[in-house]
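Just so we're on the same page: letters track the sequence lines, and every chain starts at 1. All values below were derived from every heavy atom in this structure, side-chain atoms included, with hydrogens, water molecules and symmetry-related copies excluded.
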Amino acid sequence: MSVLRPTTIDEAVAVLSAQPEAIPIAGGTDLMVHWPHRLELHEKTFVDLSRLTALRGLRWQDGDLVMGALTTYWDVLLDEQIGRRFPLLHRAARQVGAVQIQTRGTWAGNVGNGSPAADGVAVLMAYDAMVELTSVRGVDVVPLRDFYTGYKISHRTPDQLITAIRLPGIPYRTQIFEKVGARKAQAISKIGVAMVEAPGGWVVVANSMAPTIRRCRAVEAVLNSGHPISSPEALHDTILQDVHPIDDLRSTGEYRVRVMARLLYHDLREHIAAFS
Amino acid sequence: MTPPTSDVALGFLLNGSSVSVTCAPEDRLLDLLRGPLRLPGTKEGCGEGECGACTVLLNGLPVNSCLVPSYQADGATVETIEALADERHAALLEGGATQCGACTPGVAMTAEWIRRHPALGKRFPLSELMAGNLCRCTGYDGILKSLEAALTDDEGTA
Ligand SMILES: Cc1cc2nc3c(=O)[nH]c(=O)nc-3n(C[C@H](O)[C@H](O)[C@H](O)COP(=O)(O)OP(=O)(O)OC[C@H]3O[C@@H](n4cnc5c(N)ncnc54)[C@H](O)[C@@H]3O)c2cc1C
Ligand code: FES
Ligand code: FES
């Protein structure tokens with residue numbers, strides 16, 4: 001194994017361009033899990049991002065929130081303005097692992113890892129985040145909602161570094177994040193939903209319900225239509241147009257659909273008149 | 001930029017003293033502390049970020065040293081259980097926060113961080129702040145009650 005330790009973005013992208021098989025590492029909370037047993041990773045070249053001071057910290061720009069790629073969950077939890085403007089970022093951050101994970105894990109690492117159970121990705125997608133990808137070829141900005149094309153497959157090419165995540169400064173009304181796991185703390189989600197009421201209508205994002213975190217367009221259309229919904233079961237078919245949850249070690253597909261329908265129904269009854 | 005090498009030379013501030021070491025890039029901070037740096041107080045439980053037995057303070061924040069590559073400690077400040085003065089343990093010892101002791105170094109480091117930032121305990125429930133330190137013996141009551149007592153005590157003496 002070898003590790004490259006660039007100190008500037010230019011150096012980092014030059015390395016990734018010359019060695020596209022090299023693996024960027026930020027907080028290591030995905031890559032270092034069970035490290036002594038992951039011998040295949042010990043053969044690799046890593047690019048340590050921790051010295052890229054330009055990627056640290058978050059800032060407000062023209063009303064938008066711009067998080068450098070090294071922004072951690074804890075950085076976000078310390079920012080009170082985020083709690084007011086994008087409260088789901090706080091709600092999700094508090095539920096990612098525990099404090100020891102929150103101080104190290106980055107939002108960009110959550111996006112880069114691309115797990116279908118990623119809590120950070122779910123709330124970022126609900127807020128219509130844009131992912132800034134930088135390489136020697138230039139800068140690409142991709143909407144997170146279109147970022148994933150399959151299980152752990154994304155539009156990021158191996159020579160690209162995620163350099164920032166940008167959230168448009170839109171005023172939201174109702175904002176809801178639900179995570180259902182095997183226990184309350186320190187659990188990977190079995191079912192998650194992030195929902196916001198934007199000026200243009202509802203945005204609904206499902207987590208752990210498909211090979212990728214996913215926008216649920218059919219559910220959104222029902223919420224926006226004013227179509228009467230009088231039970232959680234009335235949402236099952238619509239949910240199945242958007243996602244096809246699987247049976248796995250954490251849960252079953254059937255359970256996932258039932259629980260997601262109940263979360264939607266009971267949470268939205270207070271906010272949507274057509275839900276009775 | 002440092003050229004690719006199999007060994008990495010690092011310098012950091014460990015429990016108040018500067019140290020320089022050379023390590024393999026595969027070494028985790030946990031391995032470095034317990035091995036060449038001869039500080040075996042930090043324990044390994046799960047090796048996957050779940051149990052918190054390996055908690056140390058990195059630049060003042062609690063982290064799982066089993067998930068930190070050593071090279072990321074370069075230039076940082078690291079504090080381990082060995083740096084905690086005896087009186088900082090007293091509350092945990094008296095309050096039934098320890099039995100077998102496997103979790104205790106990690107519990108003590110997270111508790112120390114909370115005591116240094118008492119405002120945290122007002123913003124978040126202590127049980128949430130301590131959720132990353134699993135204990136198979138005490139049932140947590142002793143840990144949470146002794147931390148609460150320590151915080152009240154600190155407030156009185158502040
Ligand atoms: C005990 C435990 C509990 C956890 N609980 C949760 C949870 O509840 N919810 C949840 O969503 N996640 C959870 N995680 C997973 C993990 O903490 C998050 O996914 C975290 O956000 C990863 O960030 P990192 O910086 O540590 O990533 P790393 O491990 O450093 O990297 C993760 C991936 O992203 C890539 N990457 C990182 N940064 C960049 C970049 N700037 N550009 C391009 N690629 C990049 C890496 O190459 C790698 O593939 C948990 C992990 C552990 C160990
Ligand atoms: S050994 Fe590091 S968290 Fe369990
Ligand atoms: S005292 Fe035994 S695990 Fe906590």
Side-chain angles (χ1 to χ4, degrees), chain A residues 1-8 10-12 14-15 18-19 22 25-39 41-53 72 74-75 77-78 80 83 90 94-105 183-188, chain B residues 1-10 23-31 44 46-76 106 109-110 113-114 117 119-120 123-125 127-134:
Chain A
M1 171 182 162
S2 61
V3 56
L4 292 144
R5 301 196 293 152
T7 54
T8 65
D10 283 351
E11 285 175 352
V15 165
Q19 301 185 54
I25 178 164
T29 61
D30 280 309
L31 286 169
M32 298 296 292
V33 172
H34 280 312
W35 179 253
H37 306 290
R38 290 171 76 180
L39 297 176
L41 285 179
H42 298 209
E43 308 296 312
K44 307 278 187 195
T45 298
F46 283 80
V47 182
D48 177 19
L49 304 181
S50 69
R51 297 171 150 207
L52 298 174
T53 44
T72 63
W74 192 251
D75 293 333
L77 283 172
L78 291 182
E80 288 176 13
H90 274 200
R94 282 177 72 167
Q95 296 189 55
V96 173
V99 161
Q100 290 93 329
I101 300 295
Q102 293 157 16
T103 55
R104 293 277 301 163
R183 62 195 280 271
K184 202 162 159 225
Q186 285 254 71
I188 305 290
Chain B
M1 184 169 63
T2 8
T5 78
S6 43
D7 278 345
V8 193
L10 324 167
C23 69
E26 292 89 345
D27 289 345
R28 303 165 298 172
L29 179 57
L30 174 69
D31 305 317
E44 175 159 20
C46 63
E48 57 172 90
E50 293 277 352
C51 75
C54 65
T55 304
V56 302
L57 303 185
L58 179 67
N59 295 327
L61 291 173
V63 305
N64 293 319
S65 60
C66 70
L67 299 181
V68 178
S70 285
Y71 49 81
Q72 290 192 351
D74 197 16
M109 293 314 285
T110 311
W113 169 68
I114 299 167
H117 306 279
L120 284 176
R123 213 183 129 195
F124 303 99
S127 57
E128 180 177 336
L129 294 170
M130 294 299 303
N133 291 92
L134 302 187

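A 4.5 Å side-chain heavy-atom check between B:D74 and A:R51 finds at least one atom pair inside the cut-off. Proximity of B:P69 to A:M32: side-chain heavy atoms (C-beta onward) are separated by under 4.5 Å at one or more points.
Taking every heavy atom of both residues into account, A:A98 and B:A131 meet most closely at CB-C, 3.9 Å. Between A:L78 and B:R123 the shortest heavy-atom distance is CA-NH1, 4.2 Å. Among all heavy-atom pairs drawn from A:H34 and B:C46, the shortest one is CE1-O, 4.0 Å. A pairwise comparison of heavy atoms in B:P25 and A:S2 identifies CG-CA, 4.5 Å as the closest pair.
Residues passing the side chain to side chain contact (heavy atoms under 4.5 Å, CB included) test with A:T29, sequence neighbours excluded: A:I101, A:R104, B:L67.
Contact annotation for A:I25: both backbone and side-chain heavy atoms come within less than 4.5 Å of a heavy atom of chain B. Contact annotation for B:L30: neither backbone nor side-chain heavy atoms come within less than 4.5 Å of a heavy atom of chain A. Heavy-atom distances place no part of A:A22 under 4.5 Å from chain B, backbone and side chain included. For a residue to count as touching a neighbouring chain, one of its non-hydrogen atoms must lie under 4.5 Å from one of that chain's; by this rule B:T110 touches chain A with the side chain only.
Highest contact tally toward chain B, considering only A:Q102, A:R94, A:H42, is held by A:R94 [criterion: heavy-atom pairs under 4.5 Å].
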Go through it in stages, so that I can follow the logic: the residues are B:W113 and A:V99, the test is side chain to side chain contact (heavy atoms under 4.5 Å, CB included), and I'd like the CA-CA distance, side-chain angles, deciding distance and then a yes or no. CA-CA 11 Å; B:W113 169 68; A:V99 161; 3.6 Å; yes
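Under the 3.5 Å distance criterion, the side-chain polar atoms of B:E26 are left unmatched by any main-chain donor or acceptor of A:L39. Between the side chain of A:Q186 and the backbone N or O of B:E50 there is at least one donor-acceptor pair closer than 3.5 Å. Between the side chain of A:T103 and the backbone N or O of B:V63 there is no donor-acceptor pair closer than 3.5 Å.
For residues 55-64 of chain B, no pair satisfies salt bridge (charged side-chain N to carboxylate O under 4.0 Å, His left out), with sequence neighbours left out.
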